[in-house]
Amino acid sequence: MPPLLAASAVTKSYGGVRALRHVDFELHSGEIHALVGENGAGKSTLIRIFAGAAQADSGEVRFEGQPVTLHDPLAAKALGIAVIYQQPALFGELTVAENIGLSLESGGLWRRIHWKQRSRLARELLAQLGSTIDPERRAAALSMPEQQTVEIAKSLGARARVLILDEPTASLSEREVNALFGVLRDLRRRGVGMIYVSHRLEELPEIADRVTVLRDGETVQTRAMAEVDRATLIRMMVGRDLDAVFPKRAVPAGHVVLETRGLTCPAAGVKNVSITARAGEIVGLSGLVGAGRTELAEVLFGLHRPSSGSILLRGKTVNITSPQDAVRLGIAYVPEDRRRHGLLMPMSVAENVALAQLATASGLQKLHEQGEYQNADDYRNRLAIKTSSVATPVQTLSGGNQQKVCLARWLTAAPALLILDEPTQGVDIGAKAEIHRLMSDLAAGGMAIVMISSELPEILGMSDRIYVMRSGAVAGEVSRAEATQERLLALALGEAGAPA
Ligand SMILES: Nc1ncnc2c1ncn2[C@@H]1O[C@H](COP(=O)(O)OP(=O)(O)OP(=O)(O)O)[C@@H](O)[C@H]1O
Ligand SMILES: [Mg+2]
């Protein structure tokens, strides 16, 4: 039997950048095929070609052995190829049910007519994913993981034969990942072929049957997943041995930089939060998706007004009514959703990195352009941002490299308090260790860091102290010495033994 979907000798360039070079890839029905590689290796480009969203310069794509020309996404959709992109692409002004409905119906007429059925269908599809998102909510109001869940529900409804997932778990926590894996295994039994892109290498043995590694736009190898261990996989990805774990450094904690007392904001669902973060400390915020961690960060950054409680910086009560206030007071926030309040896509890497500094400089004095380039170039080297020059527009960078630019911007601002929401989501294994190293350096330099992460190993590895949030409140505080996966999960789930 010919493979369900195949690429042979596919080549694709963007201007002078060779994104793919003679790439071979085969997907069988009933298989979950992992596609891995460093940021900028070409994973999303290959996916866009299978999805009809980009055209190969040369080479061939075959569906069930027949060469096919995928001129546009509709051609791919007609073959039963569904894609969940790295960046969810929902219509913000429409509801969840409308988004799901529209993707399943081709005509626009359907809108408004069967809203009841549509709502029921959306609810059913979401329930299969173990989600309770209200189908009548507007998509713009959804968090990043919620948007991803809706995207997956859309493809479930489409009954795809090929399902391509570009980093679906990047912003999901353990529980959501398990629900997703359940769904994927079910689809596998029904003969669906799946391409699964992820930087979370530890989850691959659990879900993937085979793995293909791309490096610099070329296929390195395809192997049975059971045959390769993590070290082998990393060596195939980066072309050398890499000690990808950065050890945490002990830094003596200094004065209290941030303190909240009974901070409450009903609009954001934040309830009676009292936390502290000291200079030199990395404070982890753990919890399930929807536990209120991002919302707490947004209150601290002036995106929501608290109704009661207070925020103190270096012991003084402050009134933060806008992000401008927060920045002026020395708070920086790297959000998880870099599209929504992150990067200015048409602008260059250097301009994007310099933006935070513009915001901190009084009177908007513009940095000397030379310095702007120098600084951006430094970060390009430190974080291995893959781009030919810092003058390149951010929109042409791969997803993980955009995330690094976002981080570089706020590190440039040298804040007193740095709030990071999923700082290593979507970045490759080498860059992740480099980001952890940078965080340790910054803490050693006296910065207080609050890190939100859904990856328990990251929380356990990097935090001096951990607050676990549940339903908008702090469910518990755990020191580095006491912290274990089990203890954090028990607190996050509100299980017996954990204080209510
Ligand atoms: N529209 C574009 N214009 C110019 N260059 C592009 C464009 N799209 C991708 N590239 C380049 O092609 C290369 C491969 O990018 P791609 O997005 O496929 O990487 P990726 O493996 O998905 O990385 P990541 O893990 O960061 O998502 C990168 O060097 C990227 O900058
Ligand atoms: Mg990508």
Side-chain angles (χ1 to χ4, degrees), residues 7 10-23 25 33-57 59 73 83-89 144 148 151 164-171 195-201 203-204 211-220 233-234 236-239 244 336-339 342-343 345-349 352 380 383-408 422-435:
V10 163
T11 293
K12 172 79 185 172
S13 296
Y14 289 103
V17 180
R18 193 80 81 94
L20 296 175
R21 198 184 322 223
H22 298 295
V23 165
F25 183 87
H33 194 141
L35 182 62
V36 302
E38 290 183 284
N39 295 131
K43 304 178 296 292
S44 296
T45 304
L46 181 60
I47 284 170
R48 281 197 289 270
I49 289 171
F50 283 143
Q55 274 67 49
D57 301 333
V83 188
I84 296 165
Y85 286 103
Q86 202 164 357
Q87 310 270 326
M144 191 69 170
Q148 240 162 359
E151 291 283 4
I164 305 178
L165 303 108
D166 199 349
E167 293 187 49
T169 58
S171 63
I195 303 176
Y196 188 90
V197 177
S198 179
H199 288 293
R200 293 192 179 179
L201 302 184
E203 71 187 14
L204 298 183
V211 59
T212 291
V213 178
L214 291 182
R215 191 196 320 146
D216 290 332
E218 294 185 50
T219 317
V220 176
L233 207 54
I234 293 173
M236 284 157 72
M237 283 168 61
V238 303
E336 145 183 60
D337 182 349
R338 47 192 176 272
R339 254 189 340 162
L343 301 168
M345 288 296 174
M347 286 169 70
S348 73
V349 172
N352 269 283
R380 178 164 78 110
L383 298 174
I385 299 174
K386 195 178 170 194
T387 175
S388 50
S389 132
V390 292
T392 308
V394 161
Q395 64 199 0
T396 68
L397 267 56
S398 76
N401 285 303
Q402 290 179 4
Q403 175 78 348
K404 295 180 199 172
V405 172
C406 200
L407 196 63
E422 308 285 358
T424 62
Q425 166 187 309
V427 305
D428 65 46
I429 194 102
K432 186 169 177 170
E434 192 51 47
I435 289 170

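Note that ligands are numbered from 1 as they come in the structure, with each ligand's atoms numbered from 1 the same way. The first residue in the sequence is number 1, and the count goes up from there. A quick note: this is a predicted structure, and the numbers were derived from the prediction, not measured.
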Quick one: nearest non-hydrogen protein atom to [atom], plus distance?
| atom | answer |
| --- | --- |
| atom 18 (O) of ligand 1 | T45 OG1, 2.6 Å |
| atom 10 (N) of ligand 1 | T396 O, 3.4 Å |
| atom 17 (O) of ligand 1 | S398 CB, 3.4 Å |
| atom 29 (O) of ligand 1 | V17 CG1, 3.8 Å |
| atom 27 (O) of ligand 1 | Q86 NE2, 2.9 Å |
| atom 9 (C) of ligand 1 | Y14 CE1, 3.6 Å |

Using a 3.5 Å distance criterion without hydrogens, assess whether the side chain of [X] forms a donor-acceptor pair with backbone atoms of [Y].
| X | Y | value |
| --- | --- | --- |
| N39 | G426 | yes |
| K43 | L214 | no |
| D57 | S13 | yes |
| E38 | V238 | no |
| T11 | H22 | yes |
| K404 | A384 | yes |
| E434 | L383 | no |
| S348 | A391 | no |
| D166 | S44 | no |

Taking distance alone, with no angle check, do [X] and ligand 1 share an N/O pair under 3.5 Å?
| X | result |
| --- | --- |
| A41 | yes |
| Q395 | no |
| G400 | yes |
| A19 | no |

Quiz item: Where does H199 meet ligand 1, judged by heavy-atom distances below 4.0 Å: at the side chain, the backbone, both, or neither?
Solution: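 The part of H199 near ligand 1 is the side chain, not the backbone.
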Quiz item: Between R215 and ligand 1, which part of the residue brings a heavy atom under 4.0 Å of the ligand: side chain, backbone, both or neither?
Solution: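 Near ligand 1, R215 shows nothing, with every heavy atom at 4.0 Å or more.
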Quiz item: Is S398 close enough that one of its N/O/S atoms sits under 2.8 Å from the Mg ion (ligand 2)?
Solution: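 Checking S398: none of its N, O or S atoms is under 2.8 Å.
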Self-check item: Option whose closest heavy atom lies nearest to atom 28 (C) of ligand 1, chosen from S44, S13, G40, G37
Solution: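 Residue with the shortest heavy-atom distance to the ligand atom: G40.
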Self-check item: Side chain to side chain, L204 and L233, heavy atoms closer than 4.5 Å
Solution: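 A side-chain contact exists here, since the closest heavy-atom pair is under 4.5 Å.
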Quiz item: Would R48 count as a contact of ligand 1 if the rule is a heavy atom under 4.0 Å away?
Solution: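 Yes, R48 has heavy atoms under 4.0 Å from ligand 1.
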